[in-house]
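Computed from a predicted model, the values in this text were never measured in an experiment.
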Amino acid sequence: MEKHFVDLTTLSPYFDLEKSYWSQGMNDAISVGAAQYICTGAMVLSYYRFMYGTLINETMFEDHGVELPYDKVESNEWTIAYQRSIIETFCDAEVDQDPAANYGFIVNHNNIGVDVYLSSLKVPLIAKDENNMFVAKTDRERTITAMQEICKLIYDTRGTLRVGSKGNDSEQQDLAKKFSEGQAAMVHLRLMELEGEYLRQMEDIFGIVPMPMLNSEQGGYYTTAHDQISVVGVPNTRKEAAELEMIGAFLDLMGYYSATEVTPQYYEVCLKGRYFENPRAQDMLDILTKGLYIDPGVVYHNLLGEPLGAWRGWVASKQTGVGSSITILERNMRSHIDKKVNVKFEKIAG
C-alpha cells in the first residue's frame, strides 16, 4: 500500500499471472482494481508446506470396514456432514474427551486449526465490486450453516477429540503424534507436518484428501495456508523496461520449472510416506494444492478489525447463533475497508 512493489500485471510481456503455476485463488483474493502487487504459487515452498489437508489412517478405515473417501472426493460427496457421519465408528472412548482413547477425528478447536474452515466451507468475508475493489460482503445464511456444521463436528460428535492450543502452534505436533500412533482415523494438518518425525515414522498406512466441502453444491474443494506463507513481489526501485522484461521472463521460467520439475520431487522426496503406496495420492494432492484460497479479510486481517479472530472466537465458544455478530463484523469491516484499504490502493493507482 506504500507503492514499494511493481504492478505485476504490467511487469513484462513474458509474465502471465493466469498461468497454472501461479495460484489463481490467491490472484482473485489479492488483486485490486486493475493491479496486483504480489503473487504466490509453485515457485514458493511454503505455498505447499503451509496448506491444510485431511489425513486419513487407511489401516484404521480398513480395520473398521469404512470405505476410503477417495471416491467421495471425486464425486463431490466429501462434505463435512459425510465426514461427521463416519467418525463415531472409530471411537472406543468410554468417557468424553479421553486423551488415551482412539478417536475418529482429532482437531484443534480454538486456534489455527479452525482457520481453514473459512476457505474450505467457502464462508465469505470480503468480496469484490465491479471495479475489483474490496467490499465487505458476508453471507449470513451460509456463515450460520457453516458454524452449525463445524460445531456439530467438533462438539456434538462422539468420536471427535479436541486438542487445545498451548501457544506457538505446538498443538499441531500433538495432533500429528496422536495420529501417527494409530489413535485417530482423521486429522486436519498442514502439509509441513508430513515432513516431521511422527508421520515419517508412522507404521499404519495413511492417505490424504482435501478439506471437506460444506455441501455438494459448493462446486470445488478449497483450503487455506497458514499466514506464514511466502509471496513474490518485485521491488519498485525505478528499473528500466528491459530489466522488468528480464525479471518477468525469469519469474515465468521459475514458476514453470518449479511446477514441472520441483513440485513432483517435493511430493516424492520431502513428503514421501506410506500414503504414497496408494496410487490415488497424487491426484488427491493435486486437488488439494490447486484449491488454495485465502479470503481478503484474512489477508488484511489487522486492518479490518481482526475478522479471523472473531471467527476463531465463535468456534472456540461453540457460538452457533452468530447472526448479530455477523452484522456487527460486516459493519466494522466496511468502515475499515473504506478508510484503510481501498483508499490507499486508489492512491497508488492514481
Side-chain angles (χ1 to χ4, degrees), residues 51-73 77-121 146-165 169 171-191 193-194 198-199 202 204-215 221-224 275 284 288 312 314-316 318 320:
M51 283 190 197
Y52 291 82
T54 306
L55 302 186
I56 58 172
N57 185 319
E58 293 191 4
T59 301
M60 289 184 70
F61 271 71
E62 182 177 346
D63 290 346
H64 288 80
V66 179
E67 177 189 2
L68 293 173
Y70 300 124
D71 286 339
K72 296 293 184 182
V73 172
E77 298 176 88
W78 176 236
T79 65
I80 191 170
Y82 176 77
Q83 182 187 25
R84 187 176 73 249
S85 74
I86 62 177
I87 286 174
E88 186 174 343
T89 304
F90 303 97
C91 182
D92 62 9
E94 296 183 1
V95 296
D96 185 39
Q97 301 301 294
D98 178 2
N102 294 327
Y103 280 86
F105 178 54
I106 53 176
V107 63
N108 168 244
H109 62 289
N110 61 353
N111 196 31
I112 67 170
V114 301
D115 294 357
V116 65
Y117 289 115
L118 271 171
S119 291
S120 65
L121 305 184
M147 282 299 305
Q148 291 172 342
E149 289 295 326
I150 292 168
C151 289
K152 287 178 187 176
L153 177 72
I154 294 177
Y155 296 101
D156 300 334
T157 301
R158 179 183 178 274
T160 294
L161 178 67
R162 299 183 292 277
V163 178
S165 172
D169 306 329
E171 75 281 348
Q172 301 299 305
Q173 287 295 299
D174 296 336
L175 293 167
K177 184 175 186 295
K178 188 169 180 65
F179 179 79
S180 72
E181 293 171 347
Q183 292 188 300
M186 291 174 283
V187 63
H188 299 325
L189 284 173
R190 298 169 296 184
L191 294 187
E193 309 303 343
L194 297 176
Y198 295 125
L199 294 180
M202 185 169 174
D204 287 354
I205 296 173
F206 67 99
I208 190 167
V209 292
M211 294 294 300
M213 297 186 290
L214 181 60
N215 51 51
Y221 296 97
Y222 300 95
T223 189
T224 193
Y275 65 89
M284 294 296 112
L288 191 162
R312 289 180 181 178
W314 295 345
V315 179
K318 194 182 176 181
T320 54

Shortest non-hydrogen pair, H109 vs Y155, comes out as CD2-OH, 3.6 Å
Are K72 and E67 close enough that some pair of their side-chain heavy atoms sits under 4.5 Å apart? yes
Got a second to check how far L55's CG is from L194's CG, nearest 0.5 Å? 5.5 Å
Is there side-chain contact between V315 and N110, with heavy atoms separated by less than 4.5 Å? no
Which heavy atom in R162 sits nearest to a heavy atom in I154, and how many Å separate them? NH1-O, 3.1 Å
R312 and N111: side chain donor to acceptor below 3.5 Å: yes
Parallel under 30°, tilted from 30 to 60°, perpendicular over 60°: which one fits the rings of F61 and F90? tilted
Flag side-chain contact, heavy atom, 4.5 Å: M202 against E181: no
Under the 3.5 angstrom rule, does the side chain of N108 hit a backbone N or O of G113 as a donor-acceptor pair? yes
Check whether any side-chain heavy atom of E77 sits under 4.5 Å from a side-chain heavy atom of Y82, and report yes or no. no
Side-chain donor or acceptor of T223 paired with backbone N/O of G53 under 3.5 Å: no
Just by modelled atom types, is the D92 backbone N or O under 3.5 Å from a matching donor or acceptor in the N102 side chain? no
Side chains of E58 and Y70: any donor to acceptor distance under 3.5 Å? yes
K318 with D156: basic N within carboxylate O range, under 4.0 Å: yes
May I ask you to decide if T160's main-chain N or O and T157's side chain share a donor-acceptor pair within less than 3.5 Å? no
Quick one: closest heavy-atom pair of L175 and V107, and the distance? CD2-N, 3.8 Å
Distance col, row Y222:OH vs M213:CE, nearest 0.5 angstrom, shows 9.5 Å
Please check: side-chain N/O of W78 versus main-chain N/O of P210, any donor-acceptor pairing under 3.5 Å? yes
Indicate yes or no for a side-chain donor-acceptor contact from K178 to the backbone of P99 under 3.5 Å, with no hydrogens or angles considered. yes
Close side-chain approach of F105 and I86, heavy atoms under 4.5 Å: no
For atom NZ of K177, is the number of surrounding heavy atoms from other residues, nucleotides or ligands below 6.0 Å larger than 12? no
Taking atom CD1 of I205 and atom CG of N57, what is their separation to the nearest 0.5 Å? 9.0 Å
In the structure I gave you, are the side-chain heavy atoms of L121 and I150 within less than 4.5 Å of one another anywhere? yes
Of Y52, F179, Y117, which is the lone residue that meets ring-ring contact (aromatic ring centres under 6.0 Å, His included) with H188? Y117
For a quick test of reading the model, state the closest non-hydrogen atom pair linking A93 to D98 and the distance between them. CB-CB, 4.3 Å
Search all heavy atoms of V95 against all heavy atoms of Y103 and return the closest pair with its distance. O-OH, 3.9 Å
Nearest non-hydrogen partners of L199 and S180, listed with the distance: CD2-CB, 4.0 Å
Heavy-atom side-chain proximity of P212 to T54 below 4.5 angstrom: yes
What do the steps show when you test D96 against R158 for side-chain contact (heavy atoms from CB on, under 4.5 Å), and what is the final call? CA-CA 8 Å; D96 185 39; R158 179 183 178 274; over 6 Å; no
Could you check whether any side-chain heavy atom of I56 comes within less than 4.5 Å of a side-chain heavy atom of L68, counting everything from C-beta outward? yes
Charged N to carboxylate O under 4.0 angstrom, E193 versus R190? yes
Can you tell me if CD on E62 sees more than 12 non-hydrogen neighbours from other groups inside 6.0 Å? no
Begin with the C-alpha distance, continue with both residues' side-chain angles, and end with the deciding distance and a verdict on side-chain contact (heavy atoms from CB on, under 4.5 Å) for I106 and D174. CA-CA 10 Å; I106 53 176; D174 296 336; over 6 Å; no
Is a side-chain donor or acceptor of Q83 paired with a backbone partner of M211 at a separation under 3.5 angstrom? no
